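Keep in mind that this is a model prediction, so the values were computed, not measured.
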Amino acid sequence: MSLLPVEDALARLLAAAVPISDRQEVPLHEANGRVLATDLRSRLTQPPFDASAMDGYALRASDAAEIGSILTVIGESAAGHGYAGEVGPGQAVRIFTGAPVPLGADSILLQEDAEKLDDGRIRTTFAVSAGRHIRPRGQDFAEGDAALSAGIRLDYRHLTLSAAMNHATLSVYRRPRVAILATGDELVSPGGQPGPSQIIGSNTFGIAALARDNGAEVLDLGIVPDDRELLRQAIESARSSGVDVLVTLGGASVGDHDLVQSTLVAAGMQLDFWRIAMRPGKPLMVGRLDGMQVLGLPGNPISSLVCGLLFMEPLLAHLGRQKVRERMSTARLVNALPANDKRQDYVRARLSDANDGIRRVESFGKQDSSMMRIFSQSDCLIVRPPHAPAADAGELVPVMLLDR
């Protein structure tokens with residue numbers, strides 16, 4: 001099987017994935033970041049009455065069209081406690097922001113534009129006009145209005161509006177469910193004591209965090225040694241849990257100790273492809289087992305994370321009916337880069353600001369895919385297409401941003 005270009009691999013992965021249609025009813029305080037499943041219509045009108053936008057006096061504009069008009073204050077209208085009577089000729093009601101405008105009044109005189117007299121009356125120092133400083137009933141939305149559309153990813157703005165429309169719960173699409181299975185005799189969980197030929201298994205935590213950042217629920221299947229029966233049991237556990245995606249870490253190639261691919265095929269997986277023209281991350285595996293998408297990431301930590309960004313993140317966005325996070329940008333090279341070979345390169349690099357508004361990017365000298373500290377210090381990956389010619393300092397190059 002020849003190496004598959006990154007763009008073709010991603011297209012095939014997404015083409016086989018069906019967006020989640022299951023819906024859940026969740027309370028408002030749990031809806032942040034979820035995708036709305038139905039248009040949301042208001043259950044009331046907002047504001048429910050003509051309301052004052054300022055502190056001042058509610059009156060008839062015809063009674064205060066000229067500076068120096070004298071009016072008698074007959075009562076008060078406060079938020080939650082409106083004035084029950086009606087404003088007649090030559091009368092005014094003391095009013096506060098958010099309070100209902102009394103019947104008969106059609107304008108608000110600001111409190112700083114009214115001179116208080118000793119006998120409970122006021123003298124105007126500003127000529128008012130009808131409708132001034134009044135928020136009319138239904139100015140924001142009316143009962144029955146579809147103010148939020150299905151498919152939006154809910155955030156603080158939408159939740160505020162939902163609450164104002166008198167919704168305590170929202171219908172949202174179910175989150176994608178991801179099972180993560182790390183494999184290899186050489187792996188020990190963090191906090192354990194590695195043997196002479198072992199290392200700490202770190203991939204699970206980065207991939208799980210990336211999955212959660214993209215709205216997924218994560219099931220950690222732990223570390224499974226290179227044993228076909230134990231691998232089979234872990235795969236069946238993912239299957240029975242009803243996850244949408246099984247992400248395996250390591251063992252997806254075809255070496256003597258790489259058992260994941262063959263065990264999955266024996267369990268019924270339909271293998272789509274497993275080698276990508278990219279660096280790092282060539283041994284990526286994609287398949288389908290019943291209704292579960294299978295994404296086999298390389299065991300190398302940096303290869304695993306880069307493949308997670310390139311393939312798992314868009315897959316979860318597609319399943320969860322969200323827009324794929326835009327990570328691509330451009331920057332000007334600080335140091336020259338050599339010509340590239342037939343694989344697409346993702347070069348770890350650091351960004352810096354410049355006076356001309358175009359950021360600068362400098363690649364790290366060492367690019368070994370086992371070096372996690374350099375990856376943690378990187379702001380971006382310089383994307384070098386297959387067969388790209390050498391790039392000189394000062395050239396603009398595409399970069400893939402790594403921050404959230």
Reported CZ-to-NZ distance for the pair Arg123 and Lys116, which is rounded to 0.5 angstrom: 14.5 Å
Test item: Thr124 side-chain N/O and Ser69 main-chain N/O as donor-acceptor pair under 3.5 Å: yes
Verdict with supporting geometry, Phe141 and Leu161, side chain to side chain contact (heavy atoms under 4.5 Å, CB included): CA-CA 10 Å; Phe141 49 81; Leu161 176 57; 3.6 Å; yes
Salt bridge (charged side-chain N to carboxylate O under 4.0 Å, His left out) evaluation trace for Asp244 with Arg174: CA-CA 11 Å; Asp244 303 292; Arg174 174 178 61 78; 2.8 Å; yes
Heavy-atom side-chain contact between Met278 and Leu284 under 4.5 Å: no
Spacing of Arg153 atom CZ and Arg34 atom CZ [to the nearest 0.5 Å]: 10.5 Å
Sidechain-backbone polar pair: Asp290 side chain, Met292 backbone, donor-acceptor under 3.5 Å: no
Glu229 atom CD, over 12 foreign heavy atoms within 6.0 Å: yes
Side chain proximity check, Met165 to Arg43, heavy atoms < 4.5 angstrom: no
Any side-chain heavy-atom pair of Phe311 and Leu297 under 4.5 Å: no
Any donor-acceptor pair under 3.5 Å from Glu86 side chain to Gly88 backbone: no
For the student: nearest non-hydrogen atoms of Ala114 and Leu109, plus distance: CB-CD2, 3.7 Å
Considering all heavy atoms, the nearest Ala339-Arg384 contact: CA-NH2, 4.2 Å
Thr248 side chain to Val294 backbone, donor-acceptor under 3.5 Å: no
Donor + acceptor pair across side chains of Gln111, Arg94 (<3.5 Å): yes
Under 3.5 Å donor-acceptor, Asp63 side chain and Gly90 backbone: yes
Charged tip of Arg279 within 45° of Tyr346 ring normal and under 6.0 Å: no
Residue pair Met400 / Leu310, side-chain heavy-atom distance below 4.5 Å: yes
Chi angles and distances behind the side chain to side chain contact (heavy atoms under 4.5 Å, CB included) call for Ile74, Tyr83: CA-CA 10 Å; Ile74 59 173; Tyr83 179 72; 3.4 Å; yes
Glu112 atom CD, neighbour heavy-atom count above 12 within 6.0 Å: yes
Under 3.5 Å: donor-acceptor pair, side chain of Asp145, backbone of Ala142: yes
Asp368/Lys366 under salt bridge (charged side-chain N to carboxylate O under 4.0 Å, His left out): CA gap, chis, key distance, verdict: CA-CA 6 Å; Asp368 190 290; Lys366 294 183 179 180; over 6 Å; no
Side chain proximity check, Pro19 to His318, heavy atoms < 4.5 angstrom: yes
CD1 on Ile95 to NE2 on His133, rounded to 0.5 Å: 12.0 Å
Thr263 to Leu259 - nearest heavy-atom pair and separation: OG1-O, 2.6 Å
Under 3.5 Å donor-acceptor, Ser52 side chain and Met54 backbone: yes
Shortest non-hydrogen contact between Gly184 and Asp226, atoms and distance: CA-OD1, 3.5 Å
Arg359 and Ser329: CA distance, side-chain angles, deciding distance, side chain to side chain contact (heavy atoms under 4.5 Å, CB included) verdict: CA-CA 10 Å; Arg359 286 178 293 183; Ser329 185; 3.4 Å; yes
For Ser363, side-chain hydrogen bond (donor to acceptor under 3.5 Å, both in side chains) partners two or more places apart: Asn335
Over all atoms of both residues, closest heavy-atom pair of Val87 and Pro102: CG2-CB, 3.9 Å
Any side-chain heavy-atom pair of Pro280 and Gln367 under 4.5 Å: no
Flag side-chain contact, heavy atom, 4.5 Å: Leu210 against Leu305: no
Close side-chain approach of Val383 and Val397, heavy atoms under 4.5 Å: no
Separation of Asp220 CG from Phe205 CZ (nearest 0.5 Å): 6.5 Å
Heavy-atom closest contact (Leu148 atom, Ser162 atom, distance): CD1-OG, 3.4 Å
Exercise: do Glu115 and Thr125 side chains pair donor with acceptor under 3.5 Å: no
Within 6.0 Å of NE2 in His387, more than 12 heavy atoms from elsewhere: yes
